[in-house]
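Right, one structure below, let's go through it.
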Amino acid sequence: MDSLSQIVLGGAVAAAIAPAAHRRAALAAGAALGTLPDLDSVPMWFLGLDPVTNMTWHRGPSHSLLVLLPFAALLWWLFKRAGGRVAEAPQRWYWAITLALVTHPLLDAFTVYGTQLWWPLPPSPAMWSSVFIIDPLYTLPLLLACVFALWRPSMASARRALVLGLALSTAYLGWSLAAKAMVERTAEKALAARGLQDAPRFSVPMPFNTLLWRVVVMTPDGFLEGERSLVADEGPMVFREYSSDGRVLEGVAELPAVRRLLWFNHGFMKAEERDGQAVLSDLRMGAEPDYSFRFIVAERAGEGWREVRPQQAAWPWEARRRLAQMWERIWVQPEAGLQAAEAKSEAAPASSASK
């Protein structure tokens, strides 16, 4: 999730647990601990890592419960030994420190990016994908609670406000999981009618809301993409078909960067050749034809491919137009014929560019 959400979550958790006399200090400590795991991006930036390594190591060791739990215990022991507030209420501060840290990766796991909760063990990153990385309805209750507790830290109502903020934000996560389940049940029925009930797929909310969802399904020739509005849509879910160049992916599959990507994104990837380069797009973030993460991993060498240092490729896309269309799509269900026509018009530039 975004930094503000992690800051107010950590602050609210720590301040709700710490004694009232320590509440302002707990807000500050929780906010710092809540954002600490994301500081792994700082040393990676200084190391000048390639974009694939950078992407797949972010939310790695610094987000592992196997790292954060002993780190929290060590941090608590050091502060307790130094005296001060932690020594005055050691049990409360132990849980304040621990929960402010571990709620960070747990919240991140609700997004689609991928969080390595069990690093260094080999399971693929958790991507429960029920909330977007920025969701005001999740963040606002926590932010208001933290502001109130900062303003009136010693009042009993400050703790009640913090608990209420945490309850509302947690309930919103629960709603997001329920909404995801509804979307996936609808998608499963539509896919079963096409004989794709067992095809790998994922669902993820569109930006800033949990009312409009995107579902991507992998097929032998590419992938399907569809949206579902919990407000407007009725009837079977409609999917659009897109191609992915399996020969390109097969040709580069053994490259270390590609193996790392396939592990990290669970294989939800589009492959294409553009201007003699093998380009891999992470299908989880974005929507056809625009994706947040595209990587050039190889160059054409005769009939084969030559490995290159991964580069992040970007093609311009109109974010303002996309967001406006998304907002309208929440409330309006397009006709199936119109969706098919749009799919063909969007796929045409991509297919021509790959030739």
Side-chain angles (χ1 to χ4, degrees), residues 1-42 59-111 115-119 126 131 135 138-174:
M1 292 287 283
D2 63 286
S3 294
L4 177 60
S5 296
Q6 297 288 9
I7 286 170
V8 294
L9 174 60
V13 166
I17 295 172
H22 301 171
R23 190 156 287 140
R24 277 187 173 157
L27 279 167
L33 292 170
T35 198
L36 182 63
D38 277 344
L39 296 183
D40 63 349
S41 58
V42 176
R59 297 197 189 181
S62 69
H63 286 60
S64 171
L65 297 179
L66 301 180
V67 173
L68 290 178
L69 286 171
F71 176 72
L74 174 63
L75 201 61
W76 169 79
W77 178 78
L78 290 172
F79 277 105
K80 178 173 174 284
R81 186 179 180 186
R85 297 183 182 90
V86 176
E88 291 174 17
Q91 187 173 5
R92 286 199 179 194
W93 272 101
Y94 172 81
W95 289 110
I97 291 170
T98 299
L99 292 178
L101 275 172
V102 302
T103 51
H104 180 118
L106 292 176
L107 179 59
D108 275 348
F110 279 89
T111 70
T115 305
Q116 298 172 53
L117 293 177
W118 307 112
W119 184 93
V131 290
D135 194 319
Y138 174 82
T139 309
L140 189 59
L142 294 171
L143 177 61
L144 293 176
C146 286
V147 170
F148 183 80
L150 187 63
W151 179 45
R152 300 289 191 192
S154 59
M155 294 178 62
S157 56
R159 186 174 186 277
R160 288 196 294 269
L162 291 165
V163 171
L164 178 60
L166 288 165
L168 290 174
S169 62
T170 303
Y172 185 74
L173 292 179

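Computation of the quantities below employed the complete heavy-atom set of this structure, encompassing side-chain atoms and omitting hydrogens, waters and symmetry-equivalent molecules.
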Close side-chain approach of Glu88 to His22, heavy-atom, < 4.5 Å: yes
Any side-chain heavy-atom pair of Tyr138 and Val131 under 4.5 Å: no
Side chains of Thr98 and Trp76 in contact at under 4.5 Å (non-hydrogen atoms): no
Beyond-backbone contact of Lys80 with Trp93, side-chain heavy atoms, under 4.5 angstrom: no
For the student: nearest non-hydrogen atoms of Ala14 and Gly30, plus distance: CB-CA, 3.7 Å
Qualifying residue, where the test is side-chain contact (heavy atoms from CB on, under 4.5 Å) with Pro141 and the options are Leu168, Thr170, Val8: Leu168
Heavy-atom pair of closest approach, residues Gly10 and Ala100: O-CB, 3.9 Å
Close side-chain approach of Trp118 and Leu66, heavy atoms under 4.5 Å: yes
Reported CE-to-CG distance for the pair Met1 and Leu106, which is rounded to 0.5 angstrom: 13.0 Å
For Arg59, all residues meeting salt bridge (Lys or Arg N to Asp or Glu O under 4.0 Å), sequence neighbours excluded: Asp108
Short side-chain donor-acceptor distance under 3.5 Å, Thr35 and Asp38: no
Any side-chain heavy-atom pair of His63 and Pro37 under 4.5 Å: yes
Gap separating the OG atom of Ser64 from the CZ atom of Phe71, nearest 0.5 angstrom: 13.0 Å
Nearest heavy atoms of Leu117 and Ala126, plus distance in Å: CD1-CB, 4.0 Å
Distance, nearest 0.5 Å, that separates CG of Leu140 from CG of Leu4: 10.0 Å
Return a table of donor-acceptor pairs under 3.5 angstrom between the side chains of residues 144-166 and protein atoms on other chains or two or more places apart.
residue, atom, partner, partner atom, Å
Arg159, NE, Ala16, O, 3.0

Closest contact, heavy atoms only, Thr115 versus Ala109: OG1-N, 3.6 Å
Shortest non-hydrogen separation from Leu99 to Thr103 and the atoms involved: O-OG1, 2.6 Å
Min side-chain heavy-atom separation His104-Leu9 under 4.5 Å: no
Student check: side-chain heavy atoms of Pro105 and Leu65 closer than 4.5 Å: yes
Ser5 side, atom OG; Leu143 side, atom CG - distance, nearest 0.5 Å: 9.0 Å
